[in-house]
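Inspection log for the structure reproduced underneath, given as structure tokens.
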Amino acid sequence: MFKKKMFFTLLLLMVITILAACGGNSSEGTTAVSGPASSDGEARTLRISLGLNDQHPLYKGSEKFKEIVESQTDSLKIEIYHSGQIADDRSAIEMLQFGTLDITIPSSAPFVPFVPEYGVFDLPFTLTDTEMVDSVLQGEFGKNLAAKVESQGVVQLAWWENGFRQLTNNSKPIKTLEDLKGLKIRVMENETHIASWKALGANPTPMAFTELFTAMQQKTVDGQENPYPSILLEKYPEVQKYLTETNHVYSPFLFLFSKKVWDELTPEQQEIIEDAAIEAGEYNRELTRQTAEEALEELKSQMEFTEISDEELAKFKEAVQPVIDKYKSQIGTEIVDQYLAEVEKYSKE
Ligand code: TK8
């Protein structure tokens with residue numbers, strides 16, 4: 001009798017152990033990469049998922065963020081995962097919503113399906129220089145926009161910088177609107193970008209950033225558009241011959257934090273993290289601008305560089321105006337009017 005009881009007790013223990021081990025994934029079915037809430041004395045690990053590689057100012061800014069946070073408290077540890085190791089932008093945002101990832105810093109475009117108002121930045125040829133960018137993002141407009149995201153289960157702590165987007169392709173030099181006809185361009189998964197490149201006569205293919213290099217290597221797309229630092233540091237000249245300065249859109253990077261995880265932190269931890277995200281954002285912006293200048297010079301030695309004349313640029317802007325008119329209501333008429341007023345105000349200054 002005793003042996004029988006022992007056997008069933010052991011069997012029960014084994015079953016409990018196996019069930020506990022299978023419980024490692026979060027309830028949402030994604031593998032949890034958000035560290036567990038810290039128990040007494042043990043530091044909590046916060047993981048950052050980035051799409052770009054460890055040479056990019058986005059990674060250097062994240063290292064600065066890690067340095068600041070870990071110098072201010074022993075209760076938090078920061079781990080940085082680059083090159084989409086954990087997830088692409090959209091999946092990473094969804095993981096923040098589930099609380100299975102702590103931080104991600106995507107471009108604004110893939111965030112638009114979550115918060116449509118962020119679509120203002122995809123309206124082509126609106127933000128035209130860094131002073132205008134700073135006056136829009138660092139002022140009331142940027143603050144009010146960031147306040148809209150908590151309903152989506154994320155907290156935006158700061159505006160970082162991706163930069164002004166430029167066109168590369170492997171088919172021919174681009175100097176006129178006519179040259180764009182039929183060009184297969186990878187674009188971000190964002191309706192306004194798709195509509196804009198269609199209006200310019202190209203053939204846009206929406207695709208996650210993590211698939212872009214392979215798509216260019218395998219020639220499933222002719223080209224793509226991204227800021228100079230990404231073009232150089234992601235080694236696009238290895239698979240792209242032609243570079244064209246278009247400045248067609250300015251992309252901010254959004255420092256996004258999972259609201260579920262944020263609410264588990266102490267006020268002191270929240271203050272340290274928010275201040276570090278803002279300070280590291282200033283570092284990231286300065287480094288990105290300096291890198292963009294240096295990258296352009298280096299890219300000119302590796303690729304055939306063309307610019308668009310003012311006369312041709314006027315045709316580009318005319319071609320995309322219907323896109324701005326069409327997407328104004330989808331993004332939100334009020335926020336688009338506020339945004340364009342900010343742009344207009346600055347343009348007159
Ligand atoms: C990196 C992306 C990238 C963006 C794109 O995660 O997808 O082309 O410009 O920077 O967010």
Side-chain angles (χ1 to χ4, degrees), residues 47-62 65 80-96 101 103-115 118-119 121-124 127 133 154 156 158-169 184-194 196-197 202 204-217 220-236 239-240 243-244 246-256 281 284-285 287-289 291-292 295 299:
R47 292 169 176 78
I48 306 179
S49 171
L50 305 175
L52 289 156
N53 67 29
D54 58 358
Q55 303 305 306
H56 195 279
L58 179 64
Y59 186 87
K60 307 296 182 194
S62 301
F65 171 77
I80 308 168
Y81 295 83
H82 60 85
S83 307
Q85 292 166 25
I86 293 181
D88 62 46
D89 286 341
R90 188 183 50 201
S91 310
I93 296 165
E94 288 164 351
M95 290 173 77
L96 292 195
L101 175 67
I103 302 167
T104 191
I105 313 176
S107 297
S108 55
F111 191 56
V112 173
F114 300 89
V115 183
Y118 277 72
F121 302 113
D122 304 314
L123 298 176
L127 290 177
V133 164
V154 298
Q156 180 182 348
W159 295 94
W160 286 25
E161 178 152 301
N162 191 356
F164 287 96
R165 305 182 75 91
Q166 319 296 346
L167 177 65
T168 67
N169 86 90
K184 274 196 82 173
I185 304 289
R186 173 270 176 180
V187 295
M188 294 183 281
E189 296 163 301
N190 171 293
E191 282 187 44
T192 312
H193 282 251
I194 295 167
S196 297
W197 286 99
T205 305
M207 183 186 299
F209 184 73
T210 44
E211 296 158 31
L212 172 54
F213 193 89
T214 307
M216 293 188 287
Q217 216 165 23
T220 45
V221 293
D222 298 319
Q224 64 83 46
E225 43 84 54
N226 252 290
Y228 291 131
S230 301
I231 296 169
L232 179 69
L233 300 170
E234 293 286 340
K235 304 189 184 317
Y236 292 172
V239 290
Q240 298 275 276
L243 171 65
T244 309
T246 50
N247 291 312
H248 53 280
V249 157
Y250 169 84
S251 281
F253 273 137
L254 316 176
F255 191 106
L256 300 177
N284 159 266
R285 238 183 330 279
L287 181 60
T288 302
R289 291 172 187 176
T291 306
L299 288 167

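The shown structure was predicted, so the numbers you read here are calculated from the model rather than taken from an experiment. Read the numbers this way: they start at 1 and go in the same order the structure lists the ligands and their atoms. Along the sequence shown, residues carry numbers from 1.
Taking a 6.0 Å sphere around CZ of Arg90, one finds it holds 12 or fewer heavy atoms contributed by other residues, nucleotides or ligands.
Protein heavy atom closest to atom 10 (O) of ligand 1, with residue, atom name and distance, is Asn162 ND2, 3.2 Å. When hydrogens are left out, the protein atom nearest atom 9 (O) of ligand 1 is Asn226 OD1, 2.7 Å; that is the closest non-hydrogen contact. Closest protein heavy atom to atom 2 (C) of ligand 1: Asp89 OD2, 3.2 Å.
At a heavy-atom distance under 4.0 Å, no atom of Gln224 approaches ligand 1.
Which of Pro229, Ser230, Ser107 comes nearest to atom 4 (C) of ligand 1 through a heavy atom is settled by distance: it is Ser107. Counting only non-hydrogen atoms, the option in Met207, His193, Arg186 that gets closest to atom 7 (O) of ligand 1 is Arg186.
Between Tyr118 and Phe111, the ring planes are perpendicular. Angles over 60° get that label, and only those under 30° would be called parallel.
Judged purely by atom type and a 3.5 angstrom limit, Thr104 uses its side chain to pair as donor or acceptor with the backbone of Ser49.
Side chain to side chain, Gln224 and Thr168 meet the donor-acceptor criterion of an N or O pair below 3.5 Å.
If you look at Phe65 and Trp160, their ring centroids are not closer than 6.0 Å.
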